[in-house]
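In what follows, a structure is listed as structure tokens, so that the remarks can point back to it.
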Amino acid sequence: MTEMTPPQTYDHASIERHWQRHWEERALYRALDDSPKPTYYTLEMLPYPSGDLHVGHAKNYTLGDAVARMMRMQGYNVIHPMGWDAFGLPAENAAIQRGIDPAKWTRQNIANMQRQLRLLGTSYDWSREIASCDPEYYRWNQWFFLKMYERGLAYKREAPVNWCPKDQTVLANEQAEGGVCWRCGSQVERRNLSQWFLKITAYADELLAGLDDLPGWPERIKTMQRNWIGRSEGVTFSFEVERLEERIRVFTTRPDTTFGVTFLAIAAEHPLVARLLEASKRRGEIERFIEGVKHKSELERTSLMEKDGVFTGIYAVNPLSHERVPIWVTNYVLAEYGTGAVMGVPAHDERDFEFARKHGLPVIQVIVPPGTTEAETLREAYVGEGRMIASGDFTGMASKRGLRAIGDRLSQMGIGERTVNYRFRDWLLSRQRYWGTPIPIVYCEEHGEQPVPYDQLPVVLPTNIPITGEGSPLARDEAFVRTTCPICGKLARRESDTMDTFMDSSWYYLRYLDPHNATEPFSAASAKHWMPVDQYIGGAEHAVLHLLYARFFYRVCRDMGMVDGSEPFTRLFNQGTLIYGGEKMSKSRGNVVGIDATVEKHGVDAMRLFLLAAGPPEDVTDWTDTGIQGRVRFLNRIWRLADAAAPHLRELPVDLVPNAVTPQEKALLRALHVAFKNALDETNSRRFHFNTTVARLDEVLNALTDLSRTAGGEENVVYLQVLRGTMLALAPFAPHIAEELWQRMGGRESVHLQTFPQPCTDVLALDEVTVVIQVNGKVRARLQVAPRTTEATVAALALQEPTVQLQINGKPVRKRIYVPDKLLNLVVS
RNA sequence: GCCCCCGUACUCCAACCGGUAGAGAGAGGCGACUUAAAAUCGUCGUAGUGUGGGUUCGAAUCCCACCGGGGGCACCA
């Protein structure tokens, strides 16, 4: 694409460089721990240092920076920190593929991204910067892990996972799509491995209920968390297995359908399967089925596969109806949820219906829809409420009541109880990866699993060890693994798994508050002073990952007495992505517009303004090459006017209040105050639609341009003071040019240390308003009247209008609707 | 399949509580300046708000249905 770039009226490159250095030297954006001002904590999500920023990233940081600057200019002691989510797979992959040391690769990327963030003119307090791969950071991951271990919140157990036999490592579900390892293409297995977990489910109810206390969060994020937690209430009870001294426990949310059970379905991994196999005559068939099921990943098993199963030849007994029901091993019952076994009620459950139809199992209807009495042949499962039939003592009861009554009966019989189940599982923390936080546990032959004593932290991740991509580099590193038992001092082995990197991002916002603390992760006093985060800004992709983990972690901190309150993030703002050429901007799509080239060409102020002006920040916005030129043009125009007027402004007292006299002067002054009001409203409502603020600034500039051409333009006090005020309004959004011009106008302190002006109601007030006159809802005339003119006066004036008279045509006015300063509607028959 | 959000001018978007559909930008047309072009300055806006119904004095805005786009959930018993 050929493009014409408007020549620069001002030297953006040297101005931007100059002020960035100046602000840095003056520590202008340092958050003070002992300031009497009210605090405001605004934060963008911890970025992964992937190497190069593009303008899509800049959209996020520009918004966050505008918020920080607006709040600072409103008198808040703003903390606006930045750091690095520096552990993780890409660094390790760089090592495997290109032989680069992960630490070096990461440090280089951090250096470059930090440079780029500075280039954006962001107002971070860099003295609080953290990097999670720094031992002084991750030692506190280990510290938290040990604290959780003490509290029983960190535990090791065997769990089924995706395992790649070639790479010798666990894979997350999304890295094993289609049952194939994303790196080597091997078929992954489901394997039971001993893994470390954090007991997030201990907080399940609280994490769910707490969402109701977050009015500042987008509804869709809360919905996603609710879905993910997946709380469900029901009853767990037992079926006796015939001929065996065994019971099968099932969980159901619909105990009212218990009389409709025609089979029991158990997961292939159910602990009782082994026992059933022994007793079964169909052993070979069952084993073959289970083998087939086990090779499928969870993804395939949950969404893609047809329901299937095999009859064990063994029966159980329905404790209420005493009917014999066949026990089937199936592929659709999840071992990890509830009890790993369900009662099959084809008549009232869609999945059971499908299964029963395929395998010719009977369908017994025990609930009829309201208004009907007879069972009929069901074409599909009836899952609604209704009246109970064929249900022993419960027949005739409303199913809703029956649900409680049967629950009560089962518990009276001593075979069941009400239970709550959650869809989400404990957080699997272990990773068989090198580039992460070592889990601080050692294994002693005599004393088993032992936590590393606190005074031996951090367990340092060794550097300069071979990383081949096969197996765990740490497990192979004898110097790391060989250690001594904290109890007996004999030879012991270290845990060689590292922690999921979501551990790092679960509490980083607390470390910013006290980043150099060498004795604890952060002081209680610093948390009390700054927390919670007032405004959190980031994409929606972390809805159920980071945002859920962090809420869990914060509650653990609360229970350890380290923080007050339960929620770390009061308000959450999800910004939308940036697209270019119809697609999301990303390296893999090859449609990246880089920061460096854009800033060099157009200047960062123009880029910031464009990103804000392009549309509401929560929407997807389009990057256009012509759009940014419009912002360059805008800044050039401002520059020309302000630079020419600067000598006059230096003579003009800053606090001189302009006194408008001509309508043109009033309009200009009003335009400026409308812009002030808009910027404040958009900030303080947390709507952040600064696209409208930029439009208001455009209007100010247009009005300035008008006046600059009239006689004595540059001597005009209103004109001059509006120019000065424009710099204040521009400062949060285009900080460099605003500072430069502010200084040229004689500003002594930084423009960013000024108070954002309050709009003046007198200036905002209009001398005249337009009242629309409607007849039967159609606009027939417009009247210019003084504000707050009474209905009677407006009506009298309206009736004198010829067009109005024509429409009324002598008919009586049945109804008059008057909206002061806006509209008068005359209704005639 | 279920749930949520969004459809406004050639394009991106404004209109926040139901009250004049247009603030702003981009692109484009015309004009001025220029030997010419760029830049600059001036100037130009009929789209009735995806479609069809409804409520109302009045609907982009509220309700219903449908169409299109985006997102979430989808064997969790």
Side-chain angles (χ1 to χ4, degrees), chain A residues 4-9 218-221 223-224 226-228 230-232 234 250-254 257 265 301-307 330-334 336-345 348-352 354-355 383 421-425 540 543-544 574 576 609-610 613-616 618-631 633-634 636-637 640 671 674 678 681-682 685 687 689 691-702 705 709 770-779 781-782 814-828:
Chain A
M4 303 297 180
T5 305
Q8 291 289 345
T9 301
E219 213 47 57
R220 61 191 198 106
I221 300 292
T223 303
M224 284 164 74
R226 284 190 191 103
N227 286 341
W228 185 257
R231 183 180 200 275
S232 95
V250 299
F251 171 73
T252 179
T253 56
R254 292 295 302 275
T257 64
R301 291 177 63 182
T302 50
S303 54
L304 305 173
M305 201 185 272
E306 203 184 333
K307 289 179 188 48
T330 68
N331 64 355
Y332 77 98
V333 173
L334 301 172
E336 289 287 292
Y337 183 79
T339 59
V342 301
M343 60 185 208
V345 187
H348 305 292
D349 183 282
E350 285 165 17
R351 299 149 299 184
D352 297 343
E354 191 188 326
F355 185 78
V383 297
N421 265 304
Y422 298 94
R423 209 186 77 112
F424 83 147
R425 325 266 166 83
V544 292
N574 286 133
L609 280 179
F610 173 73
E618 69 274 25
D619 283 4
V620 170
T621 43
D622 271 291
W623 177 267
T624 65
D625 297 307
T626 52
I628 189 166
Q629 287 169 33
R631 290 299 115 200
R633 215 171 283 149
F634 167 83
N636 283 340
R637 286 173 64 199
R640 277 194 294 271
V674 167
N678 179 285
D681 286 351
E682 289 301 336
S685 68
R687 216 170 70 125
H689 285 192
N691 52 319
T692 62
T693 312
V694 174
R696 297 292 86 78
L697 290 169
D698 283 332
E699 288 177 292
V700 173
L701 176 59
N702 289 340
T705 306
R709 273 196 297 274
T770 304
V771 175
V772 169
I773 309 302
Q774 295 183 336
V775 179
N776 286 342
K778 291 208 167 69
V779 179
R782 284 159 220 266
R814 266 196 324 175
K815 201 169 168 186
R816 243 172 28 191
I817 290 108
Y818 184 61
V819 183
D821 299 347
K822 294 228 155 135
L823 156 146
L824 178 75
N825 189 8
L826 302 171
V827 184
V828 299

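Below, chain A is the first sequence line, B the second, and so on; all start at residue 1. Note that this is a predicted model, so its numbers are computed, not measured.
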Under 4.0 Å, counting only non-hydrogen atoms across every strand here, what does A/Arg423 touch: a base, just sugar-phosphate, or nothing?
base
Pick base, sugar-phosphate or nothing for A/Val620, based on heavy-atom distances below 4.0 Å to the nucleic acid.
sugar-phosphate
I would like to know whether A/Phe355 and A/Asn331 meet side-chain contact (heavy atoms from CB on, under 4.5 Å); could you show each step before the answer?
CA-CA 10 Å; A/Phe355 185 78; A/Asn331 64 355; 5.6 Å; no
Can you tell me the Watson-Crick or wobble partner of B/A23, both distances under 3.5 angstrom?
none
Nearest-neighbour nucleotide for the A/Thr770 side chain, B/C41, B/A77, B/U20 considered:
B/U20
G-U wobble or Watson-Crick pairing nucleotide for B/G1 (cut-off 3.5 Å, both distances):
B/C73
Between B/C41, B/G24, B/A21, spot the one nearest the side chain of A/Asp698, thanks.
B/G24
Which part of the nucleic acid, if any, lies within reach of A/Thr223 when heavy atoms closer than 4.0 Å are counted: base, sugar-phosphate only, or nothing?
nothing
Indicate, with a heavy-atom threshold strictly under 4.0 Å, whether A/Arg816 touches base, sugar-phosphate, or nothing.
nothing
Which nucleotide in B/G24, B/G26, B/U20 has an atom nearest any side-chain atom of A/Thr626
B/G26
Is there a donor-acceptor pair under 3.5 Å between the side chain of A/Gln629 and the backbone N or O of A/Asp625?
yes
Looking for any heavy atom pair under 4.0 Å, which part of the strands does A/Asn825 touch: base, sugar-phosphate only, or nothing?
base
Once hydrogens and angles are ignored, does a donor-acceptor distance under 3.5 Å link the base of B/A23 to the side chain of A/Arg696?
yes
So what does A/Thr705 hit on the nucleic acid, given a heavy-atom distance under 4.0 Å: a base, only sugar-phosphate, or nothing?
sugar-phosphate
At under 4.0 Å, does any side-chain N or O of A/Tyr332 touch on OP1 or OP2 of B/A77?
no
Once you round it to whole Å, what is the distance between C1' of B/A74 and CD of A/Glu350?
11 Å
Base, sugar-phosphate, or nothing: which does A/Val772 touch, judged by heavy atoms less than 4.0 Å apart?
base
Can you tell which of B/A21, B/G26, B/G24 lies closest to the side chain of A/Val779?
B/A21
Check every strand shown and say whether A/Thr253 touches a base, only sugar-phosphate, or nothing at a heavy-atom separation below 4.0 Å.
sugar-phosphate
Base, sugar-phosphate, or nothing: which does A/Gln774 touch, judged by heavy atoms less than 4.0 Å apart?
base
Geometric cation-pi criterion, A/Arg631 with A/Phe634: 6.0 Å, 45°
yes
Considering only the C1' atoms, how many Å lie between B/G48 and B/A15, rounded to the nearest integer?
14 Å
As an exercise, state the distance from OG1 of A/Thr770 to CG of A/Leu823, rounded to the nearest 0.5 Å.
12.0 Å
Of all heavy-atom pairs linking A/Thr253 and A/Ser232, the shortest is CG2-OG, 3.7 Å
Within the 4.0 Å heavy-atom criterion, would you say A/Lys778 contacts the bases, only the backbone, or no part of the nucleic acid?
nothing
On RNA chain B, more 5' by nearest nucleotide between A/Phe251 and A/Arg640 is A/Arg640
When you check the glycosidic angle of B/G48, does it come out syn, meaning within 90° of 0, or anti?
syn
To the nearest angstrom, the CH2-C1' distance between A/Trp228 and B/G72 comes to 13 Å
Could you identify the nucleotide paired to B/A65, looking across every strand shown and requiring Watson-Crick or G-U wobble geometry with both distances under 3.5 Å?
B/U51
Give a yes or no answer on whether the side chain of A/Asp349 reaches the backbone of A/Gly344 with a donor-acceptor pair at less than 3.5 Å.
no
Verify the contact: side-chain N or O of A/Arg633 to OP1 or OP2 of B/G26, cut-off strictly under 4.0 Å; return yes or no.
yes
Taken to the nearest whole Å, CD/A/Glu618 to P/B/C16 is 15 Å
Without decimals, in angstroms, what is the distance between A/Asn636 CG and B/A25 P?
15 Å
Which part of the nucleic acid does A/Gly630 contact within heavy-atom distance under 4.0 Å: base, sugar-phosphate only, or nothing?
sugar-phosphate
Pairwise P distance, B/A74 and B/C6 [rounded to whole Å]:
23 Å
Here's a test of your reading of the structure: between A/Met224 and A/Asp619, which maps to the more 5' nucleotide of RNA chain B?
A/Asp619
Contact class for A/Arg814 vs. all strands (heavy atom < 4.0 Å): base, sugar-phosphate, or nothing?
nothing
Residues A/Ile628 and A/Phe610: closest non-hydrogen pair is N-CD1, 3.7 Å
Tell me, do A/Ile817 and A/Gln774 make a side-chain contact under 4.5 Å, heavy atoms counted?
no
Checking contacts here: which listed nucleotide (B/C16, B/G26, B/C41) is nearest the side-chain heavy atoms of A/Arg687?
B/C16
note: A/Lys307, atom NZ; B/A77, atom P; distance rounded to Å ~ 14 Å
In whole Å, I'd like the distance from the CZ atom of A/Phe355 to the P atom of B/A77.
19 Å
Please name the nucleotide paired to B/G28 by Watson-Crick or G-U wobble geometry with both distances under 3.5 Å, or report none.
B/C44
B/U56 -> Watson-Crick or G-U wobble partner, both distances under 3.5 Å, gives none
Nucleotide paired to B/A14 in any strand shown, Watson-Crick or G-U, under 3.5 Å
none
Assign B/C44 to syn or anti; the rule is syn for a glycosidic angle within 90° of 0 and anti otherwise.
anti
Give A/Ala613 one of three labels, base, sugar-phosphate or nothing, depending on what nucleic acid heavy atoms sit under 4.0 Å from its own.
nothing
Round to the nearest Å and state the distance from A/Lys822 atom NZ to B/C57 atom C1'.
17 Å
A/Leu823 atom CG is separated from B/C57 atom P, nearest whole Å, by 14 Å
